[in-house]
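Notes for the one structure printed next.
What you see below is based on every heavy atom in this structure, not just the backbone, and it leaves out hydrogens, waters and symmetry mates. In what follows, residues are counted from 1 in the order of the sequence shown.
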Amino acid sequence: MIQIKFPDDSTRSFKAGTTVLEVAKNISEGLARNVLSAKFNEQIVEASTPLFNDGQIQLYTWVDDQGKNAFWHSSAHILAQAILFLYPKAKLTIGPAIENGFYYDVDFEDHSITEKELEDIEKKFLEFARQNFEFKMRSVTKEEALDFYRRDENPYKIELIEDLKDGTITFCDHADFTDLCRGGHIPHTGFIKAVKLLNVAGAYWRGDENNKQLTRIYGISFPKQKELNQYLKLLEEAKKRDHRKLGKELELFTFSQKVGQGLPLWLPKGAELRGRLEDFLKAAQRKAGYEQVISPHIGNKELYITSGHYEKYGEDSFQPIETPAEGESFLLKPMNCPHHCEIYKARPWSYKELPIRYAEFGTVYRYEQSGELHGLTRVRGFTQDDAHIFCTPDQLDQEFKNVIDLVLYVFQSLGFENFQAQVSVRDPKKPKKYIGDPENWKKAEQAIINAAREKNLDFIIEEGEAAFYGPKLDFMVKDALGRKWQLGTIQVDYNLPERFELNYKGSDNELHRPIMIHRAPFGSLERFVAILLEHSGGNFPLWLSPTQVNLLIVSEKHEKYAQKVLNFLENNEIRASLDNRNETIGKKIREAEISKVPFMLILGEKETKMENVSVRKHRGGDMGMMDLKSFVRLIKEEISKNISNFEN
Ligand SMILES: [Zn+2]
Ligand SMILES: [Zn+2]
């Protein structure tokens with residue numbers, strides 16, 4: 001008998017050789033019907049895998065990421081099967097599961113796949129899926145594996161196999177189709193009830209542009225047709241919310257080939273929006289005891305050699321700028337941290353003065369390949385809402401909690417309600433991988449976990465995900481369409497204080513190294529605005545909207561009164577603009593709706609005479625007539641719903 005332990009710590013005994021599926025059945029028939037894959041003693045196994053040892057098991061269904069992964073990995077096999085059926089001469093290469101679905105890279109020679117052909121492949125896919133083919137793994141020798149693909153005349157798989165060690169090679173069979181594969185399948189193809197092949201793209205073999213270009217077919221599959229329909233609707237909505245499209249419509253930013261790709265240009269409305277985000281964070285940071293600093297956009301190459309950033313960014317990023325007379329080399333700054341270390345070093349510190357918190361909206365430059373650039377999310381120059389905290393080991397706990405408070409305040413004020421945190425700690429099996437005193441590491445990791453617990457964060461702990469220089473806490477937000485974005489990082493660093501020989505005088509009168517915390521709640525302003533646009537669809541929280549109120553006059557007779565209203569609003573710190581074009585009021589309302597201005601005031605005969613305004617709310621319709629003071633009260637109340645002052 002073997003002892004199997006479940007996630008709730010209960011244990012049951014089974015006969016040796018019992019399969020994962022039988023274990024599931026033992027718990028409930030319902031679970032057995034839905035189990036897609038499992039983890040046994042830290043290894044991904046399949047439903048049909050027999051278990052021979054004691055161990056810990058976790059069963060995965062569609063709701064688990066691992067379940068989806070097995071589902072989409074298996075779907076890639078069926079896609080390959082359908083492709084080979086329709087195109088016997090096609091050469092399969094690799095086909096992994098990805099975050100949303102799967103793809104397969106195929107060499108179709110010179111043939112390009114049309115929309116109609118995608119549909120045909122899709123049909124064949126479903127036809128195969130319905131036949132409930134089981135996935136069966138088998139081990140083969142390297143020679144057998146090579147033989148198989150020599151017969152198939154597939155140079156890609158041969159290349160992959162040649163890189164593998166003998167004895168660890170496995171094939172997966174389903175129906176009459178065989179693929180080179182490491183495993184992780186669902187029990188049979190019948191679980192897949194719906195599939196959509198989304199698009200076709202070019203991809204170089206092994207990602208190397210010197211290699212042949214292959215055809216990548218992307219797809220996604222689901223256990224229910226309804227789920228596929230929902231997903232496709234979401235994709236449609238995501239297209240409408242694409243920040244590049246909204247950025248243009250709302251006149252926030254633009255790009256110019258002449259200025260250079262990946263270098264965003266902020267238009268007046270975008271610059272104002274960005275300024276408001278900066279002011280908002282600066283105000284909160286001031287209360288939280290941060291001080292603003294400013295550092296230049298370039299730094300001497302030696303600075304980045306000291307910090308270690310030259311090693312990371314140097315050769316693969318923008319190349320040094322040389323001075324004509326002295327022959328010095330300067331780099332565009334890839335990170336603000338080295339500059340802040342030097343600011344800290346400008347004078348000696350006593351433990352009584354710590355923590356020191358330096359904040360800067362620092363613009364950094366990193367070379368990204370042109371193919372990787374994407375709107376505001378992947379750019380070559382961006383501004384981080386950066387800050388570095390220098391503290392004593394005793395202060396780490398409290399500082400971490402304070403930073404979490406600030407990050408949560410940012411999320412709440414900007415309407416991100418759905419988020420998860422990840423604590424990245426050391427791999428306990430590889431202590432040599434990490435710099436710094438193991439005792440301090442332990443303390444820091446515990447400080448982060450305690451802080452996350454105390455702040456009631458929904459968080460997971462990932463072993464081995466810490467950087468070599470310190471543990472960290474990352475926030476993942478889920479946007480309105482359920483997509484995940486990484487925002488906000490808080491990172492402990494033992495490395496830079498060492499490299500820059502930073503110190504402070506302790507109560508024992510000796511010099512000690514401070515601990516450094518890097519943190520950026522937005523990450524970068526560019527990326528943050530992109531995420532905010534896609535999350536809100538351009539309907540910003542009222543406090544942030546570039547224009548809060550649009551005044552629409554019925555005819556030019558009312559312009560004088562409109563000016564008076566405009567002044568009144570401006571004096572009350574409400575951002576308003578006047579639409580005095582010679583257009584019909586209906587057209588003006590429609591256009592104001594498109595530009596997503598939160599409030600419209602309609603000013604005509606009656607309003608002018610009574611010195612009132614007729615209020616319309618974006619996506620909220622008519623709110624009736626009121627006097628100006630009531631309107632100002634209304635709008636201020638709306639603003640305070642979104643945002644309160646940061647309390648430290
Ligand atoms: Zn497989
Ligand atoms: Zn930093």
Side-chain angles (χ1 to χ4, degrees), residues 240-241 245-252 267-277 279-280 413-415 480 532-533 535-645:
K240 277 189 227 152
R241 287 172 179 232
K245 180 172 168 281
L246 285 173
K248 202 179 222 166
E249 286 169 10
L250 304 176
E251 298 177 25
L252 298 178
L267 303 173
K269 280 185 189 165
E272 270 204 42
L273 176 88
R274 197 176 134 147
R276 260 192 299 285
L277 282 170
D279 292 345
F280 153 75
S413 305
L414 288 149
L532 190 60
L533 273 169
H535 174 56
S536 66
N539 296 298
F540 297 117
L542 185 56
W543 69 269
L544 191 63
S545 283
T547 306
Q548 293 166 318
V549 182
N550 216 339
L551 307 186
L552 313 178
I553 51 175
V554 175
S555 87
E556 58 189 20
K557 278 189 294 184
H558 313 117
E559 186 159 350
K560 210 169 136 210
Y561 173 57
Q563 278 301 344
K564 206 171 139 191
V565 175
L566 196 64
N567 288 342
F568 186 81
L569 294 177
E570 273 167 8
N571 287 337
N572 281 282
E573 282 162 10
I574 292 166
R575 294 184 293 277
S577 70
L578 170 62
D579 186 349
N580 58 1
R581 291 172 306 155
N582 213 352
E583 298 285 358
T584 64
I585 192 76
K587 185 166 182 195
K588 286 180 183 174
I589 292 175
R590 274 196 305 280
E591 286 179 11
E593 287 281 354
I594 290 170
S595 61
K596 301 176 196 292
V597 177
F599 284 97
M600 286 164 252
L601 297 184
I602 298 163
L603 308 174
E605 208 54 49
K606 208 164 27 162
E607 289 83 1
T608 307
K609 211 186 265 161
M610 299 172 69
E611 302 232 323
N612 274 350
V613 291
S614 287
V615 183
R616 268 186 85 92
K617 196 174 176 187
H618 174 53
R619 296 193 304 178
D622 200 352
M623 297 179 77
M625 197 148 70
M626 58 185 83
D627 62 57
L628 270 173
K629 276 192 188 141
S630 308
F631 175 66
V632 168
R633 216 167 26 240
L634 173 95
I635 203 166
K636 297 248 154 144
E637 264 166 34
E638 282 276 325
I639 288 173
S640 65
K641 265 189 227 160
N642 294 132
I643 192 167
S644 53
N645 284 325

Pairwise side-chain contact, Gln548 with Glu638, heavy-atom cut-off 4.5 Å (strictly under): no
Quick one: CZ on Arg241 to CG on Leu246, what's the gap to the nearest 0.5 Å? 8.5 Å
State, yes or no, whether a side-chain contact exists between Met625 and Met610 at a heavy-atom distance under 4.5 Å. yes
Is it true that a side-chain atom of Asn572 and a backbone atom of Ile574 form a donor plus acceptor pair closer than 3.5 Å? no
For a 4.5 angstrom cut-off between non-hydrogen side-chain atoms, does His618 reach Val597? no
For the atom pair CZ (Arg575) and CG (Leu542), what is the distance rounded to the nearest 0.5 Å? 8.0 Å
Between Glu605 and Ser555, is there a side-chain heavy-atom distance shorter than 4.5 Å? no
For Leu250, is there any backbone N or O sitting under 3.5 Å from a side-chain donor or acceptor partner on Lys596? no
Heavy-atom check, side chain of Ile594 versus side chain of Glu249, under 4.5 Å: no
Quick one: does Leu414's side chain get under 4.5 Å of Leu277's, heavy atoms only? yes
Between OG1 on residue Thr584 and CG on residue Leu552, distance to nearest 0.5 Å: 10.5 Å
At their closest point, which heavy atom of Val554 faces which heavy atom of Gly604, and how far apart are they? CG2-CA, 3.6 Å
Without swapping roles, check the side chain of Tyr561 against the backbone of Asn612 for a donor-acceptor pair under 3.5 Å. yes
For Ile635 and Leu569, run side-chain contact (heavy atoms from CB on, under 4.5 Å): C-alpha distance rounded to whole Å, both residues' side-chain angles, the deciding distance at 0.1 Å, then the answer. CA-CA 10 Å; Ile635 203 166; Leu569 294 177; over 6 Å; no
Could you report the tightest heavy-atom contact between Gly415 and His535, atom names first, then the distance? O-NE2, 2.8 Å
Stepwise side-chain contact (heavy atoms from CB on, under 4.5 Å) check, Leu578 with Val565: CA-CA 10 Å; Leu578 170 62; Val565 175; over 6 Å; no
Please assess Leu252 against Arg274 for the test side-chain contact (heavy atoms from CB on, under 4.5 Å), listing each intermediate value before the final yes or no. CA-CA 9 Å; Leu252 298 178; Arg274 197 176 134 147; over 6 Å; no
CD (Glu556) with more than 12 external heavy atoms under 6.0 Å: no
Nearest non-hydrogen partners of Asp622 and Gly624, listed with the distance: OD1-N, 3.0 Å
Any side-chain heavy-atom pair from Thr608 and Lys557 closer than 4.5 angstrom? no
Partners of Lys564 by salt bridge (charged side-chain N to carboxylate O under 4.0 Å, His left out), sequence neighbours excluded? Glu611
Using every non-hydrogen atom in the two residues, find where Met626 and Met623 come nearest and quote the distance to one decimal. CE-O, 4.1 Å
Should Val615 and Leu601 count as side-chain neighbours, where that means a heavy-atom distance under 4.5 Å? yes
To the nearest 0.5 Å, atom CG of Leu634 lies from atom NZ of Lys617 at 7.5 Å
Distance check, rounded to the nearest 0.5 Å: Ser595 atom OG versus Glu251 atom CD? 9.0 Å
Leu628/Val632 under side-chain contact (heavy atoms from CB on, under 4.5 Å): CA gap, chis, key distance, verdict: CA-CA 6 Å; Leu628 270 173; Val632 168; 5.6 Å; no
Salt bridge or not between Arg633 and Glu637? Use side-chain N to carboxylate O under 4.0 Å. no
With rounding to the nearest 0.5 Å, note down the distance linking CD1 in Ile553 to CD in Glu559. 4.5 Å
Tell me if a side-chain donor or acceptor on Ser545 pairs with a main-chain N or O of Thr547 at a distance below 3.5 Å. no
On the 0 to 90° scale, with breaks at 30° and 60°, tag the Trp543-Phe280 ring pair as parallel, tilted or perpendicular. tilted
For the residue pair Lys245 and Lys240, what are the closest heavy atoms and their distance? NZ-O, 3.5 Å
